[in-house]
Participant: 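Quick one: the structure is below, questions incoming.
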Amino acid sequence: MPFTGCPLGLPGAPCGRHLLFPPVPALADGVTLLLSPVEPEFKYVGNMHGNEVLGRELLLQLSEFLCEEYRRGNERITRLIQDTRIHIMPSMNPDGYEVAAKQGPDGNGYLTGRNNANGVDLNRNFPDLNTLMYYSREISGPNHHIPLPDNWKSQVEPETLAVIQWISSYNFVLSANLHGGAVVANYPYDKSQDQRFRSHRRTVNTPTPDDKLFQKLAKTYSYAHSWMHRGWNCGDYFADGITNGASWYSLSKGMQDFNYLYTNCFEITLELSCNKFPPEEDLERQWMANREALVAFIEEVHQGIKGMVSDENNNGIAGAVISVQGISHDITSGDMGDYFRLLLPGTYTVTASAEGYQPLTVTTTVGPAAPSLVHFQLKQEVVRKPAERKASGTRMNNKALQKKVVPRATRRGTQR
Ligand SMILES: [Zn+2]
């Protein structure tokens with residue numbers, strides 16, 4: 001089949017340009033569209049800052065590369081495409097890109113075209129779930145899938161709305177969003193917990209419960225990249241070419257924190273070039289520096305444990321909670337009962353639970369290569385308890401928790 005993007009009927013950007021994100025398996029000859037229920041979803045998002053254009057070019061090149069190598073019978077790429085649903089959105093901010101592209105690589109101001117047509121920075125535009133998560137932790141509330149504020153739709157831009165609807169409609173497991181202005185792989189959290197650090201522009205490492213895993217994911221990219229791992233780039237030093245977001249500079253309402261707190265998806269932010277708008281003659285060198293890293297990072301979706309959560313009649317249970325002892329961040333099963341839990345090699349105690357069923361706990365060992373297949377078959381609860389109602393005092397008051405945080409606008413803070 002020819003390479004054709006499908007708009008999927010989602011709302012466009014303010015100027016009417018559609019955001020395109022075709023899943024790659026639909027593009028290649030002979031690939032079955034009957035999806036394996038334990039085939040993970042992966043995504044790349046480029047150009048959410050319209051003037052950071054290298055990611056956009058790399059993702060277009062990557063799409064062509066995957067299709068060509070598949071047709072040539074490249075074993076590694078064929079396996080990757082057959083085992084993974086790969087979604088690629090080359091540009092999340094086509095309007096900003098148009099503004100930046102008019103100036104071109106020479107006349108491009110450092111911030112010209114960063115924002116969308118309404119002048120909004122899309123990586124400061126997602127609902128702030130970090131604050132709600134900290135409050136939820138205090139009251140022993142959910143540690144994942146933090147509920148959105150009631151009025152969130154009226155507070156986000158069309159591009160952000162489209163992306164939230166998109167990432168809510170697939171059970172994404174792993175993701176990266178591509179930026180420029182530095183060279184480093186940045187992992188959550190982006191927002192520091194302590195307001196004092198944010199307001200004084202001091203930085204503090206703000207790890208997620210999956211910190212070691214995120215560091216490994218970031219290193220996978222930086223060490224497969226030709227020079228990111230060396231650390232010294234663009235006048236900054238990052239050990240191993242990676243950094244916790246908040247320990248670099250804290251930002252609020254970013255996309256990667258939102259992915260982690262609202263969905264099952266683990267997202268990192270890749271800063272790929274000192275020059276946000278590199279000239280055309282630099283693209284070949286940049287592609288060669290990033291090609292292996294872009295492929296190796298997709299392969300990272302195949303680790304940890306995965307499987308089905310089903311009832312005694314083998315019907316999949318959607319929304320079952322998968323908890324790993326010692327990691328206070330659960331994930332949930334998808335519509336068909338399929339689940340994916342990225343984990344580093346080790347031995348884990350894992351519990352699957354769903355309303356109306358008896359929880360089931362297993363101990364499993366994860367190796368360094370392929371993910372371990374762990375299926376959970378849950379028995380119905382023998383005695384159905386009356387539905388428990390949460391005390392009204394424990395409901396999170398989203399509005400009261402929303403704090404206005406002024407985005408940083410310093411030159412240092414205008415990459416991700
Ligand atoms: Zn950026």
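The residues of the chain are indexed from 1 along the displayed sequence.
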Participant: To the closest 0.5 Å, what do you measure between CZ (Arg114) and NZ (Lys276)?
Facilitator: 5.0 Å
Participant: Please check: side-chain N/O of Ser192 versus main-chain N/O of Thr206, any donor-acceptor pairing under 3.5 Å?
Facilitator: no
Participant: Strictly by modelled atom types, are His302 and Thr84 linked by a side-chain donor-acceptor pair under 3.5 Å?
Facilitator: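 On atom types as modelled, these side chains qualify, holding a pair under 3.5 Å.
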Participant: Anything under 30° is parallel, anything over 60° is perpendicular, the rest tilted; go ahead and classify Trp227 against His225.
Facilitator: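 Taking His225 first and then Trp227, their aromatic rings stand perpendicular (interplane angle over 60°).
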Participant: Determine, using ring centers only, whether Trp248 and Phe238 are less than 6.0 Å apart.
Facilitator: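 They qualify: ring centres under 6.0 Å apart.
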Participant: Could Arg72 and Glu69 be called an ion pair, given the rule that one side-chain N must be under 4.0 Å from one carboxylate O?
Facilitator: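 A salt bridge is present here (some side-chain N lies under 4.0 Å from a carboxylate O).
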Participant: Write down the atom of Pro40, the atom of Val173, and the distance for their closest heavy-atom approach.
Facilitator: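 Scanning both residues completely, I find the closest heavy atoms to be CB-CG2, 3.9 Å.
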Participant: Taking it one step at a time, do His49 and Asp121 satisfy side chain to side chain donor-acceptor pair (under 3.5 Å)?
Facilitator: CA-CA 7 Å; His49 290 138; Asp121 184 333; 2.7 Å; yes
Participant: Would you call the rings of Tyr97 and Phe277 parallel, tilted or perpendicular, taking 30° and 60° as the class edges?
Facilitator: parallel
Participant: Looking at every heavy atom in both Ser168 and Tyr262, which two are closest together, and how far apart are they?
Facilitator: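 That closest heavy-atom pairing would be OG-CE2, 3.6 Å.
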Participant: Are any side-chain N or O atoms of Asp282 and backbone N or O atoms of Pro278, one a donor and one an acceptor, separated by less than 3.5 Å?
Facilitator: no
Participant: Any donor-acceptor pair under 3.5 Å linking the side-chain atoms of His145 with those of Thr263?
Facilitator: no
Participant: Is it true that Asp190 and Arg416 have a side-chain N and a carboxylate O under 4.0 angstrom from each other?
Facilitator: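 Salt bridge present between Asp190 and Arg416.
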Participant: Show your reasoning for whether side chain to side chain donor-acceptor pair (under 3.5 Å) applies to Glu157 and Asn116.
Facilitator: CA-CA 9 Å; Glu157 291 297 303; Asn116 74 349; 2.9 Å; yes
Participant: Hey, does the side chain of Ser136 reach the backbone of Leu132 with a donor-acceptor pair shorter than 3.5 angstrom?
Facilitator: no
Participant: Indicate yes or no for a side-chain donor-acceptor contact from Ser273 to the backbone of Asn275 under 3.5 Å, with no hydrogens or angles considered.
Facilitator: yes
Participant: Regarding Asn177 and Thr269, do their side chains bring together a donor and an acceptor under 3.5 Å, going by distance alone?
Facilitator: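 Yes, because at least one side-chain N or O of Asn177 sits under 3.5 Å from a partner of the opposite role on Thr269.
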Participant: Distance-only, no hydrogens or angles: does the Thr220 side chain make a donor-acceptor pair with backbone N or O of Phe297 under 3.5 Å?
Facilitator: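 Looks like no, no N/O pair under 3.5 Å.
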Participant: Cut-off 3.5 Å, side chains only: do Asn125 and Thr160 have a donor facing an acceptor?
Facilitator: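 Judged by distance alone, the side chains do pair up.
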Participant: Given His229 and Tyr221, is the ring-ring contact (aromatic ring centres under 6.0 Å, His included) satisfied, shown in steps?
Facilitator: CA-CA 8 Å; His229 59 278; Tyr221 199 95; over 10 Å; no
Participant: Under 6.0 Å between ring centres, would you say that holds for Phe42 and His87?
Facilitator: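 No - the distance between ring centres of Phe42 and His87 does not fall below the 6.0 Å cut-off.
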Participant: Please walk me through it: do Leu342 and Leu174 pass side chain to side chain contact (heavy atoms under 4.5 Å, CB included)?
Facilitator: CA-CA 9 Å; Leu342 300 181; Leu174 181 64; 4.1 Å; yes
Participant: Taking the six-membered ring for Trp and the single ring otherwise, decide whether the centroids of Trp166 and Phe172 are under 6.0 Å apart.
Facilitator: yes
Participant: With the threshold set at 4.0 Å, does a side-chain nitrogen-carboxylate oxygen contact exist between Arg291 and Glu64?
Facilitator: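 Result for this pair is no, no salt bridge flagged.
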Participant: Please find the pair of heavy atoms, one from Ile167 and one from Asn259, that lie closest to each other, and give the distance.
Facilitator: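 Looks like CD1-OD1, 3.9 Å.
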Participant: Do we see a donor-acceptor contact under 3.5 Å between the side chains of Asn130 and Gln193?
Facilitator: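 Side-chain D/A pair, Asn130 to Gln193: absent.
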Participant: Which atom pair, heavy atoms only, marks the closest approach of Ser333 to Ile317?
Facilitator: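 Result for this residue pair: OG-O, 2.7 Å.
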Participant: Mind listing the closest non-hydrogen atom pair of Pro158 and Asn118 along with its distance?
Facilitator: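 Of all heavy-atom pairs spanning Pro158 and Asn118, the closest is CD-ND2, 4.3 Å.
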Participant: Please say which of Thr351, Val324, Ile322, Asn143 ends up in a side chain to side chain contact (heavy atoms under 4.5 Å, CB included) with Asp330.
Facilitator: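 The option that passes is Asn143.
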Participant: Roughly how far apart are Tyr249 OH and Thr243 OG1, rounded to 0.5 Å?
Facilitator: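 These two atoms lie 10.5 Å from each other.
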Participant: How about Asn171 and Glu41: does a side-chain donor come under 3.5 Å of a side-chain acceptor?
Facilitator: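 Short answer, no.
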Participant: Taking NZ, NE, NH1 and NH2 as the nitrogens, is one of them in Asp210 or Arg341 under 4.0 Å from a carboxylate oxygen of the other?
Facilitator: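 Salt bridge between Asp210 and Arg341, a charged N being under 4.0 Å from a carboxylate O: yes.
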Participant: Would you check if the side chain of Asn244 reaches a backbone N or O of Pro188 as a donor-acceptor pair within less than 3.5 Å?
Facilitator: yes
Participant: Take Glu271 and His179 through the side chain to side chain donor-acceptor pair (under 3.5 Å) test and state the conclusion after the steps.
Facilitator: CA-CA 5 Å; Glu271 303 283 351; His179 291 250; 4.7 Å; no
Participant: Please give me the minimum heavy-atom distance between Ser91 and Asn47, naming the atom from each residue.
Facilitator: OG-OD1, 2.8 Å
Participant: Is a side-chain donor-acceptor pair under 3.5 Å present for Lys43 with Ser175?
Facilitator: yes
Participant: Determine, for Asp128 against Lys191, whether the closest basic-nitrogen to carboxylate-oxygen distance falls under 4.0 angstrom.
Facilitator: yes
Participant: Would you say Asn151's side chain and Ser154's backbone share a donor-acceptor pair under 3.5 angstrom?
Facilitator: no
